[in-house]
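Everything below concerns the one structure shown next.
The sequence lines fix the lettering, A, B, ..., with proteins before strands; numbering per chain opens at 1. On a predicted model such as this, the values are computed, not experimentally measured, just so you know.
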Amino acid sequence: MLYDSKTCDKKWQQIWEKTNAFQIKQNSLTTKNKNNNYYVLEMLPYTSGSLHMGHVSNYTIGDIIARFKTKQGLNVLHPIGWDAFGLPAENAARNNGLHPWDWTFNNINEMKKELKTLGFSYDWSREIATANKEYYIWEQKLFIQLYNKNIAYRKNSKVNWCNECKTVLANEQVEDGLCWRCSSEVQISSLQQWFLRISNYSQELLDGLDTLKQWPQRVIQMQRNWIGKSSGANVVFKLKNPTTKQNITTFTTRPDTLYGVTFLSLSINYKELNNIITPEHKDDVNQFIAETKAENAKQDRKEKEQLGVFTGSYAIHPLTGNNIPIYVANYVLDEYGSGALMGVPAHDQRDYGFANKYHINIVPVIAPPNTQDDDSYELPYTEHGTMVNSQQFNGQTSQQSADEIVRLLESKGLGNSEITYRLHDWGISRQRYWGTPIPMIHCDSCGIVPVALEDLPVVLPKDVSFEGDGNPLDRHEEFVNTTCPKCQAPAKRETDTMDTFINSSWYFLRYCDPNNDQSIFDKNAVDSINPVDTYVGGVEHAVMHLLYSRFFVRILRDLGYLSFDEPFKHLITQGMVCMTSYKCPNHSWLYPHEVDNDRCVHCQSVVTVGRAEKMSKSKNNVVNPKEIMEQHGVDSCRLFTMFAGPVDKDIQWSQEGIEGMKRFLGRVYTLVVQNKQHVQARKYTTTNSEISNHLLYHINYTIKKVTNDIESVAFNTAIAAIMELVNVLYKVDTKTLTNDDRKLFGYAVHSVIELLSPFAPHICEELNEIIDGHTDSYQLICKTPWLKYDDNHTTRNTVTIGVQINGKMRSTITVSADASEDEAVKHARQDSKILGYIDGDGSTLVKTIYIKGRILNFIVK
RNA sequence: GCCGAAGUGGUGGAAUUGGUAGACACGCUGGACUCAAAAUCCAGUGGUAGCAAUACCGUGGGGGUUCGAUUCCCCCCUUCGGUACCA
């Protein structure tokens, strides 16, 4: 190895920093420059303590694009910051006695140091941390505006409650229905909490998905299903012996199946339930409810058997007047629809199972199309078809009948058409310390009153105690006790803080104007470079973070802060970095370096080698980026994570793999340094010699391939193409070349550095300096323009195509790229193997299929 | 459970959108260089049979469409991500 990655990495990182190579000028963020501005963003890191390989791969993807777009002449914004609020900081405080503030900012310092040794092209002057009051003041101001517009509101909602710890538990803190800390049983209790009306935007968030042409289809699909629009109808069932004035309203997406309703089922929390159960069924139903609640608290997501119990009451079918038994069932959701379902066992899988179990009637009302009267068909039949057993609708198609049945119900006042969404309002209250304080005050006489704007920010106090139960803010007298802004009477401050997803729903806008202390951000600056052109992050954020950000941009738009609809134009979701785990029978999980030849280095026991899975500290299957950088250099590591596979797939860490990358970089270094004179004398010329044509093809083909592959985020194949070019250049014997061809060869070698520079920026800067450092025109390679290609030289003149007999590969022929079918057939007929099949005994050629440049297929009989 | 993905040699992966399966790497084998090793360079490398030419098999499993399927359709298996208070 001729070059020393350690000193080289550091040298260029310092030069980039000293020359402010990646800072973008604030005055360039004006809508006049919109076409020349480009925004590359990676999801902001949570301040967990140290970087892991997932971060490295995430930020490398963004960095490659940022460097590529810069070389293409665009004005690139590439910022970084910290997602600093959240539960883990509070857990650290309880476990280690470290204040969340200290824990978080120590972590930021450490991670920042590590990030800087990776040489990413960040504009560090725009760094933000969401736990700073300069950041969260704007969330508080916004919250008050949303409260005044009735987008923020309070309602009762359920939480996991641990009676032992006297605290609300996150879902993550509940294990098998038990508190993770004290293992006591978790209760579900109800609290007044703050919500944002994201449901007002359900339809718009759904429609917006159609405009996101550069998002992965799977993410679009997940969001679409998450919003979960269904069109259908409300159907009202009156009670047979009314014990309450309330009718039961059910929601159905299939009003066409109404005549097949043979039971109703209610959720265990149905509000009128007590009035519906008959006295003789009370004990059964109450026992069932208790069992179901216990079962639900377990939170395992295994398949649960559909269970129910009869209430003793009957409803009246709105069209037939039949008696319909009413059940309570464990599979009815109370958040969706009205908490009541109409059961149509003949045409719904779940209802069918339920009816069979409890011996309820099954009445088919839709037959598959073209079914004869005496045909039998399998139930449940869930498709559309022809109406049967449905009075005047018999014989019609079910699609047509659906509308007519709804109209009939409407005329009787027993139903209406309705659109529902699965998406429900966003609960943003957290009964926790480490978050943005919700700027509200509870006054005995005035009720809920927003904090006066001039009193913002409501600063999160530092002097809190984590000894004791619940939210530390509740015990902070100074914080809690305040005066009502309206009547000046003593009042209590809201102690709930905001969900951290709020912090990450708008940070990308603040980067555009991070130091503004007059306003959340300058509208012109934000409009000049948004939506974010390329956004890179994990697919685990497909729904929540990415949906909340889309919601926030719409809120801000409607308040006049910006003038676009969608936050992210192109979304790249990257996979996880995985690693094999090793377990020793005596020493539990081992680090990779504790394993030698599948044996534990401590006790020589044979270790269990697990499948590669997400790197996690608990399994010791982690590699520390810091050590890798020191051992192998930044560029090898970047190259490995990008070469290991497509960016959106999980990659498996491998020691051998990174050594291979190091070897490749060594080859590049040697190639350039050994041919220094030719590269310095480089010139793009053509002499029409064989070698000249050969080089021209490879130069232009590779530039085109790498350019297109970066545009389509296929970094693994881009790197492979550069490797191929390097292999080709190694085979050239420069001694036999003419002077002109040698200059072209120099150009080819130089193009390797240019093309590789977004991927391996440090070594390419070094080589660029070795070649051109002494010249007047020298500039950093991160600033030199991206290479152009000549499309006349990106394809070969001759191609080798396959020759098939009846679709089976039998031979290949080499013909000119645009050879006609006749020419190709003529060539193939000179091949004795082929000839044997075509003109062999008893075989006749019946058809020839020729696809230019691809395949020649003879069909013989 | 529900929603969304993935499955190709010993390994990671490639395959211009239905057209030569295995590019590029890792590993392995052999060779060159060396007193030797490392490093480097060169060559070979899907499986089975064969000295070879070649033949057959082969993209998680089973079926289908097609002259031709890793690619399109149906069924199944396994693994992973999300599931609204982890971020």
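In this structure, A:E172 atom CD and B:A84 atom P are separated by 12 Å, rounded to whole Å. What separates CD1 of A:I855 from P of B:A69 is a distance of 11 Å, to the nearest Å. Rounded to whole Å, the distance from CE on A:M809 to C1' on B:G18 is 16 Å. One atom, CD1 of A:I502, and another, C1' of B:C85, lie 13 Å apart when rounded to the nearest Å. Between A:I658 atom CD1 and B:A25 atom P the separation is 17 Å, expressed in whole Å.
You cannot call A:H545 stacked on the base of B:A87; the centres under 5.5 Å and planes under 30° rule is not satisfied.
With a cut-off of 3.5 Å on both pairing distances, the Watson-Crick or G-U wobble partner of B:A55 is B:U48. Of all nucleotides present, none satisfies the Watson-Crick or G-U wobble test against B:A84 with each distance under 3.5 Å. When Watson-Crick and G-U wobble pairs are counted only if both distances are under 3.5 Å, B:G18 pairs with no nucleotide at all.
A tilted orientation is assigned to the rings of A:Y507 and A:Y535, their planes being inclined by 30° to 60°. Using cut-offs of 30° and 60° on the angle between ring planes, the pair A:H545 and A:F501 is parallel.
For A:R667 and A:N727, the side-chain atoms include at least one donor-acceptor pair closer than 3.5 Å.
Taking side-chain N and O atoms only, A:N160 has no distance below 4.0 Å to OP1 or OP2 of B:C85.
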